[in-house]
Amino acid sequence: MQYSDVLMVIGANPAENHPIGFRWITKALKNGATLISVDPRFTRTSQLANIYGQLRSGTDIAFIGGMINYILENHLYHEEYVANYTNASYILSDAYSFEDGIFSGYDEIERKYDTSKWSFETDAEGNVLVDKTLQHPRCVFQLMKQHYSRYNLETVTSITGTDRDTYLEICKVFGSTGQVGKAGTILYAMGGTQHTVGTQNIRIFAIIQLLLGNIGIVGGGVNALRGESNVQGSTDFGLLYHSLPGYIDVPKAVPEENNLAGFLARVTPKTGYKVNNPKFIISMLKAYYGDYATKENDFGYHMLPKISNGKNYSFMYLFEEMRKGGLEGIFLWGSNPVVSSPNSQSAHDALANLKWMVAVDLWETETSAFWQSEAGKNYADIDTEVFLLPACSSYEKYGTVTNSGRWMQYRWEALPPKGESRADLQITHELALKLKELYQDENTPAARQINAMSWDYGTDHHPDFDKVAKEINGYDIQTKRQLSGFGELADDGSTACGCWIYCGFYPEEGNLSQRRDNVDNGQSLYSNWSWVWPMNRRVLYNRASCDLNGKPYNEEKALIWWDETKQEWTGYDVPDFIKTTKPTDPAGSKPFIMQSSLLGDIFATRSDGPLPEHYEPYESPVQNALSSVQFNPVVDIFEGKHNPRGDYDKYPIIGTTYRMSEHWQSGTMTRNQPWLSELASHMFVEMSEELAQEKGIGDKDEIIVTSARGEIKAYALVTKRFKPYTVLGKKVHHIGMIWHFGYKGIVTGETANKVTPIIGDANSNIPEYKAFLCDVRRA
Amino acid sequence: MATQVNRRQFLKLSGAVAATLALADLGFNESNVQAKTKALKIQSLKPTPTICPYCAVGCGILVYATEAKDDVVYTEGDSDSPINQGSLCSKGGSIRQIYTTEKRVEKPRYRAPGSNKWEEKSWEWMYEQIAKRVKETRDRTFVEKEDGIYVNRTDSIVSLGGAALDNEETHLISKLMRAGLGLTYIEHQARI
């Protein structure tokens, strides 16, 4: 980030929530960079920014869409990059169209798109037709241009509530990074994702960055500022219902996937790096099922659970199922849904429908204690058995975590677990051994699955850590040789690998995540500090930092380049392909190797459309000004009297939840510590002076926030940081509240999520915590 | 031993106890500070490198435990880390209290149906009981085939969380829950 010319923070507040990461932004500012902060509230990041743009929560697509329009009209985009490294040149079939907020292929009853309507024109051999001049009226570039031409200055600023001159300045300054050699970066966090259009918000960040040639370069990119120390790693390892380790879809219960070949056919594209998926999947099956997995039994593929086709098992659906009584038991691994769920009272109530709960945690949380009187419950009516297993903290054990930049860093054990607490690794191991013991003499279908799973980490209480680490990395089954990268993985059952993207962190020479060589080898990559997946590559898609002939667009910010004399790629970083691949070769000319097109997808199929389109949040004070479609037309509605939708007439204020520096997530890791508790002791709601005056509320007054779901009591924090908006001619107020509080811990307070709705993004199913309707009054 | 302690070293060495002191009395007396520093004797302790458990920036932290390994004396930012170069935020600077706080649960606890209290139990008892519950629920609800297709699935048990765990732990949880028990409701904080 220190090498960026312009940084735009939208949907994040790193000065508050990632303060040490923010040091690198400060460094960029010292180097002469410009910082833009776009946020509903004038945050700590805004305070340090050169330009602050006020944006009504939930209008990011309108905001960026208008910027794209400006960039295209004023020809600020990086033409060579757009024509050669993105799919802007692809020609679309006649079936694609867009009218009044709806793309072709929409089924109103099912609330779903037939995405086959958005395909490209191909020749007789199936190759996509392209026009690199970008002039063809049906090419992606022209259709995108047409799409965002509706996002003109007047319309956009009336939707977002942004001051017109400030908006124009942001367009100009950020647009300037389209010049060859300039670097612009976008930083986002949950302010970008927690919307009914969350995925498309991030898509439009990627689109504007592709247009400006800002991806794959030093000081560029679309940077997700992740909030948990290993949310990257836990996602990499498939702790989401739809994903196997290494971002491979889980198998479905459909006839075509009744055998391995059928499953591989669906998840293996014909082009791009993912053509290797069979090697990754079969090696994973060997790591899971060991000797049981043979070629004859499809490497144990049938043992993997197959999800019901079309059924959604994600967080909100999971709690709906629990509410209806469809679930019996739960394992919680440092998770506190009574505070973190949308409409959290309904999640709290649902827990009583469980027969048993296993909570692995350092603390007694609002969730493991959900049955207590102080939770407002009559314990005698709750039959759920609760097993609270004390986990130790991160420095009372050893292992690795992966940060936002995919750096896999090792943590050594400073001292043994406190009291009788144990590492989650040990707890999982001991539970697995106990379960295997219970099942060992049985031959039921349920027993066959767990008996097939290999568990070769020793029989001691604590598993052999090295064996776990080596299984993740991958090894040759016959020789036990540790593999040096996923290029060595095979699809014949001769290799085992728990998570292919991590293959190479633990080769024969040792565990590279433990490396502590902090010498800068160039461009501050620190390539010998820890290890980065994939293959220690520090900047993904770095081929895009060079022109068609392999020459860096900016010599001072070079990552890799083509060496004519040696006839190979060289530089500070690791290229994405074999280093002797010529820059003009098909494999060496297209940077985005994980896409089947090898190109940056400006046009990409998502469940709610191939191009991001502005829709209002599920609960909004205004009508959509860009089309007659009010909110995302494909999101699922969770109906029922537990989850009503709020009306503007009753709830005229926009609410959003946010975080603060002294607390973290649901508060268990901070409200149980004396210092942090003292630093920020109260649940508060922030509001403008104008709103406070209208409502007769003074600073620090006790207030009540109400929504269609419920109400909470908190303290008022009256500041100049919120200002009322003029949106489509209407005056609109906006309030914000921290969500870190609950009734357990040294300091307690009411849970903000009692007022948020169960509704979420159409692709990722993340809840819309960031924009809902509410009202506020004095207590 | 440091005979001359400047302000920077003071801040670096004196840690938690003296930090409270410094907050209370900013115009400190240097000779008192030196005495305090000597009394803490952290120079004899070996720091252990760790990574901050809060956000995902990945700051390095050094943990100084007592020689007996039964308490945490002091923590500080790891100046060797190219990510934070020694600096930390309010949360990262407080990780000593993750160990020292009295709020830590130190023994397994069990809550029986309809009960209003926790009971302390042994680990072995907990594992036995949990394994029994898992097996009972799973055996009763396990689906081997659906419309003739092998689905080997347990739709009645949930695994939730893991974003604060180590990679090795998430690997074992992913393997046990999905490949071993056939769970489909596997979710964690990335979704919310």
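Because the structure is predicted, anything quoted here is derived from the model rather than measured. Chain letters run A, B, ... following the sequence lines, proteins first, then strands; residues in each count from 1.
Heavy-atom distances place the backbone of B:Lys117, and not its side chain, under 4.5 Å from chain A. If you measure heavy-atom distances from B:Phe142 to chain A, the contacts under 4.5 Å come from the side chain alone. If you measure heavy-atom distances from B:Cys52 to chain A, the contacts under 4.5 Å come from the backbone alone. Heavy atoms closer than 4.5 Å to chain B are found in the side chain of A:Val250, but not in its backbone. Contacts between A:Arg448 and chain B at a heavy-atom distance below 4.5 Å involve the side chain alone, from C-beta outward. Neither the backbone nor the side chain of A:Asp381 comes within less than 4.5 Å of any heavy atom in chain B.
Note that CD1 of A:Ile382 and CG of B:Asn116 are 11.5 Å apart. Values are rounded to the nearest 0.5 Å. Once rounded to the nearest 0.5 Å, the distance linking CD of A:Glu420 with CH2 of B:Trp123 reads 8.0 Å. Note that CD1 of B:Ile83 and OG of A:Ser524 are 12.0 Å apart. Values are rounded to the nearest 0.5 Å. A:Ile20 CD1 to B:Cys59 SG: the interatomic distance, rounded to the nearest 0.5 Å, is 5.5 Å. In this structure, CZ on A:Phe237 lies 7.0 Å from CD on B:Glu168, to the nearest 0.5 angstrom. Rounding to the nearest 0.5 Å gives a distance of 10.5 Å between CG of A:Asn258 and CG of B:Asp147.
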**OP:** Take B:Tyr127 and A:Glu430, measure what side-chain hydrogen bond (donor to acceptor under 3.5 Å, both in side chains) needs, and give me the verdict at the end.
**Re:** CA-CA 8 Å; B:Tyr127 286 142; A:Glu430 288 177 308; 2.4 Å; yes
**OP:** Could you walk me through whether A:Lys306 and B:Glu146 pass salt bridge (charged side-chain N to carboxylate O under 4.0 Å, His left out), step by step?
**Re:** CA-CA 10 Å; A:Lys306 315 285 179 295; B:Glu146 186 179 80; over 6 Å; no
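Ionic pairing of B:Arg133 and A:Glu328 is not present here: no N-O contact between side-chain nitrogen and carboxylate oxygen is shorter than 4.0 angstrom. Looking at B:Lys103 and A:Glu364, no side-chain N of the basic residue comes within less than 4.0 Å of a carboxylate O on the acidic one, giving no salt bridge. The pair B:Glu124-A:Lys434 counts as a salt bridge, with a side-chain nitrogen and a carboxylate oxygen less than 4.0 angstrom apart. Look at B:Arg104 and A:Glu396 and you find a salt bridge, because one of the NZ, NE, NH1 or NH2 atoms lies within 4.0 Å of a carboxylate O, short of that distance.
In this structure the side chain of B:Val57 never reaches within 4.5 angstrom of the side chain of A:Trp407, judged on heavy atoms. Proximity of B:Asp155 to A:Tyr313: side-chain heavy atoms (C-beta onward) are separated by under 4.5 Å at one or more points. By the 4.5 Å heavy-atom criterion applied to side chains, B:Ser81 and A:Asn518 are not counted as neighbours. Residues B:Asp166 and A:Thr400 form no side-chain contact, since every pair of their non-hydrogen atoms from C-beta on lies 4.5 Å or further apart. The shortest side-chain heavy-atom distance between A:Tyr502 and B:Asn167 falls under the 4.5 Å cut-off. You'll find the side chain of B:Val105 reaches within 4.5 Å of the side chain of A:Leu388, heavy atoms only. Counting heavy atoms from C-beta outward, A:Trp333 and B:Met177 have side chains that approach closer than 4.5 Å. Using a 4.5 Å cut-off on side-chain heavy atoms (C-beta onward), A:Arg516 and B:Asp80 make contact.
Using cut-offs of 30° and 60° for the angle between ring planes, the B:Tyr110 and A:Phe387 rings count as tilted. Using a 30° and 60° split on the angle between ring planes, B:Trp118 and A:Trp371 fall in the perpendicular class, above 60°.
Between the side chain of A:Tyr395 and the backbone N or O of B:Ile95, at least one donor-acceptor pair lies under 3.5 Å. Without hydrogens or angle criteria, A:Arg226 side chain to B:Cys55 main chain gives no donor-acceptor distance under 3.5 Å. The backbone N or O of A:Met453 lies less than 3.5 Å from no partner atom in the side chain of B:Lys175, so there is not a single donor-acceptor pair.
Taking the ring centre of A:Tyr439 as origin, the terminal cationic atom of B:Lys135 falls inside the region bounded by 6.0 Å and 45° from the ring axis. Because its NZ or CZ atom is both nearer than 6.0 Å to the ring centre of B:Tyr99 and within 45° of the ring axis, A:Lys418 counts as a cation-pi partner of that residue.
Between B:Ala163 and A:Ser234, the closest heavy-atom pair is CA-OG, 3.4 Å. Between A:Gln449 and B:Ala179, the shortest heavy-atom distance links the atoms CG-O, 3.4 Å.
Counting heavy-atom neighbours within 6.0 Å of A:Lys436 NZ, excluding the residue itself, gives a total above 12. Within a 6.0 Å sphere centred on CD of B:Glu119, heavy atoms belonging to other residues, nucleotides or ligands number more than 12. Counted within 6.0 Å of NZ on B:Lys46, heavy atoms from surrounding residues, nucleotides or ligands total 12 or fewer; the atom is thus considered open.
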